[in-house]
Amino acid sequence: MITASHNKVTDNGVKIADPSGGMLTQEWEPFADAIANSPTPQHFVQLIDEFVKKENIRFDGVRSAKILLGRDTRPSGESLLEAAKQGVYSIVGATAIDMGILTTPQLHWMVRARNKDMKATELDYFEQLSSSFRFLIDLTPNQIKMSKTDDKLIVDGANGVGGEKLEVLKKMLNSMDIEIRNSGKEGGVLNEGVGADYVQKEKVVPQGFQLKDVGIRCASLDGDADRLVYFSVQSNNTSKIDLVDGDKILSLFALFIKEQLSILKMEGDDHVDENYEARLGVVQTAYANGASTDYFRQLGLEVVFTPTGVKYLHEKAAEYDIGIYFEANGHGTILFSESFLTWLNARNNELSSKSKGSEQQKAVLRLLAVSNLINQAVGDALSGLLLVEAILQYKGWSIHNWSELYHDLPSRQLKVKVVDRTAVVTANAETVVVRPPLIQEAINVEVAKYPQGRSFIRPSGTEDVIRVYAEASIQEAADSLANSVAKLADQFLGFGNSG
Ligand SMILES: CC(=O)N[C@H]1[C@@H](OP(=O)(O)O)O[C@H](CO)[C@@H](O)[C@@H]1O
Ligand SMILES: [Mg+2]
């Protein structure tokens, strides 16, 4: 997949899906780094040669391979895709299939579907999403109807591929009132003052949104449509927004799934022992707002933490019957285990004959529809958006009702330039620094000064900086805690420090 996601239009890059449709296996990352940085063509060929031997890959044309290629709307994508094609065809037995302009999650979905012998074209993707969405909507309790303003959704497409794909989906969902802005056709620049990354980091309205949008439910996709956040325009200050971030999308999903599981568990006449104790897990990173974690614990849900980066969250979520993960920035999905899906299908058949149309059967059908709607390969803004919309309709909620599930603790993020960011070694899902010595003790002293204080530092995986995160009961306190901890990072690791 040729894309640089939420980054500038002049940047470009590559994301690689493995045969399962998930992300490239972590063991192959050092190899990917090495070939990307190989200084000469000879060196490049040598690296491939060594890797092929090490991994025992048959490289003699006996085994054939098909490689699906896709790109986002970046102008440089066209020639880069051509180069990728030539690379693929330089290997005996390998064929490249150009899937054209796609969102990143669409390509992952297609790889997964093809390797499971399922229908795997772009049209199949749209049909699966739209039909499972309609199915879910049909299972909405009759008494629930939204008020007029709540029918409408406005989506910021980041001037990228997501907007144009949503246009296609919209036509297949004629019941939905969606207005798509920043679809790239109006002349705006990709990710410039628009998109999920901008909205979530800056907490301001994207271009093209204004006063008349106050009170309306709005959503924002990133440049390759694998991130999604919601927001509403504040009435008192039209450049500010009320952000409904990945943590809150996670909360809405977890609440809905938990409700359906409890309906399933209700004692039917004779079914007590046929209840399957589905393991539901919520996966977050240290950047998740502390108020969201408290909310999950109040709901009695199991919450686990992993290091930053969706590959870690995804892997953890896959350990549950239903694993839900999200980063605060809006990347996440819900994973269903094969064994749980088999059980759900069997339960559906059984209920069809014994108590067709019962609340329990509806809950089973809803869970099955969610598993078809939400992308099982990676986080997908389009499928996530349809699930949010279906759940809000089911609950008869406005974006305001949703946003009120809990109140975010004020937080602040800072970056600190240091001599060598790899000098920082963390543990416990990046919440504790174990090296250099003594800095963690100093951070603890600062944190203890603030009610509901929490702070951690970690080296960024994508930029040459140390990231500082702090939260506390009021904004001034979160700012001040972040500043003190940033100062500590500078003292221990900064340019003024020789050791
Ligand atoms: C605090 C933060 O937002 N970190 C981002 C950022 O990683 P860093 O390792 O923090 O640079 O980029 C990652 C890739 O897009 C994303 O998964 C992650 O959430
Ligand atoms: Mg992205």
Side-chain angles (χ1 to χ4, degrees), residues 1-9 11-17 23-24 26 29 70-74 77 102-108 156-163 165 190-191 194-203 220-229 243 245-247 250 283-289 305-316 325-333 375 377-385 411-418 421-422 424 426 429-431 455-471 482:
M1 177 71 201
I2 294 166
T3 178
S5 184
H6 57 276
N7 296 293
K8 290 198 304 259
V9 65
D11 290 354
N12 217 334
V14 60
K15 291 186 178 181
I16 301 173
M23 278 163 281
L24 178 81
Q26 286 168 48
E29 278 181 18
R71 64 179 181 96
D72 68 13
T73 53
R74 288 176 162 79
L102 294 174
T103 72
T104 295
Q106 279 186 312
L107 189 69
H108 282 265
D156 155 30
N159 291 322
V161 59
K165 300 298 178 186
L190 176 71
N191 297 329
V194 293
D197 190 65
Y198 175 76
V199 167
Q200 190 243 348
K201 289 228 171 77
E202 309 294 328
K203 296 198 174 71
S220 197
L221 319 175
D222 80 331
D224 64 338
D226 63 352
R227 285 198 206 172
L228 169 71
V229 296
L243 177 69
D245 64 359
D247 298 339
L250 175 59
V283 188
Q284 298 193 295
T285 72
Y287 290 102
N289 197 279
F305 286 86
T306 71
T308 305
V310 279
K311 60 192 175 194
Y312 301 111
L313 290 112
H314 189 98
E315 187 175 74
K316 193 75 200 167
Y325 71 88
F326 262 89
E327 289 193 311
N329 62 30
H331 189 123
T333 193
N375 198 318
V378 284
D380 179 341
L382 299 184
S383 73
L385 179 136
S411 68
R412 177 65 59 205
Q413 272 195 59
L414 297 174
K415 300 182 201 181
V416 183
K417 272 252 167 227
V418 298
R421 75 187 201 282
T422 65
V424 176
T426 62
E430 306 179 319
T431 52
S455 181
F456 64 91
I457 64 168
R458 57 175 279 279
S460 159
T462 61
E463 285 178 68
D464 191 15
V465 295
I466 294 287
R467 291 197 199 280
V468 175
Y469 178 89
E471 65 186 31

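FYI, the numbering just counts along the sequence from 1. First listed ligand is number 1; within each ligand, the first listed atom is number 1.
- Here the closest non-hydrogen pair linking Ser5 and Arg74 is O-NH2, 3.3 Å.
- Nearest heavy-atom pair across Asp224 and Val161 is CA-CG1, 4.0 Å.
- At least one N/O/S atom of Asp222, whether from backbone or side chain, sits less than 2.8 Å from the Mg ion (ligand 2).
- The two residues Ala158 and Asp222 have their closest heavy-atom pair at CB-C, 3.9 Å.
- Within 4.0 Å of ligand 1, the residues that place a heavy atom are Arg227, Tyr287, Thr308, Gly309, Glu327, Asn329, Gln413, Arg458, Ser460, Gly461, Thr462, Arg467, listed by chain and number.
- Taking the ring centroids of Phe456 and Tyr287, they lie under the 6.0 Å cut-off.
- The minimum distance between the Mg ion (ligand 2) and any N, O or S atom of Asp224 involves atom OD1.
- At least one N, O or S atom of Ser5 sits under 2.8 Å from the Mg ion (ligand 2).
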In sequence, state the C-alpha distance, the side-chain angles, and the governing distance for Val378 and Thr104, and then conclude on side-chain contact (heavy atoms from CB on, under 4.5 Å).
CA-CA 9 Å; Val378 284; Thr104 295; 5.5 Å; no
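- The shortest heavy-atom contact between His108 and Ile16 is CE1-O, 4.4 Å.
- Ala225 and Gly162 make their closest contact through CB-CA, 3.9 Å (heavy atoms, listed as atom of the first residue, atom of the second, distance).
- Listed here is the closest heavy atom pair of Phe326 and Gly246: CB-O, 3.5 Å.
- Closest N/O/S atom of Asp226 to the Mg ion (ligand 2): OD1.
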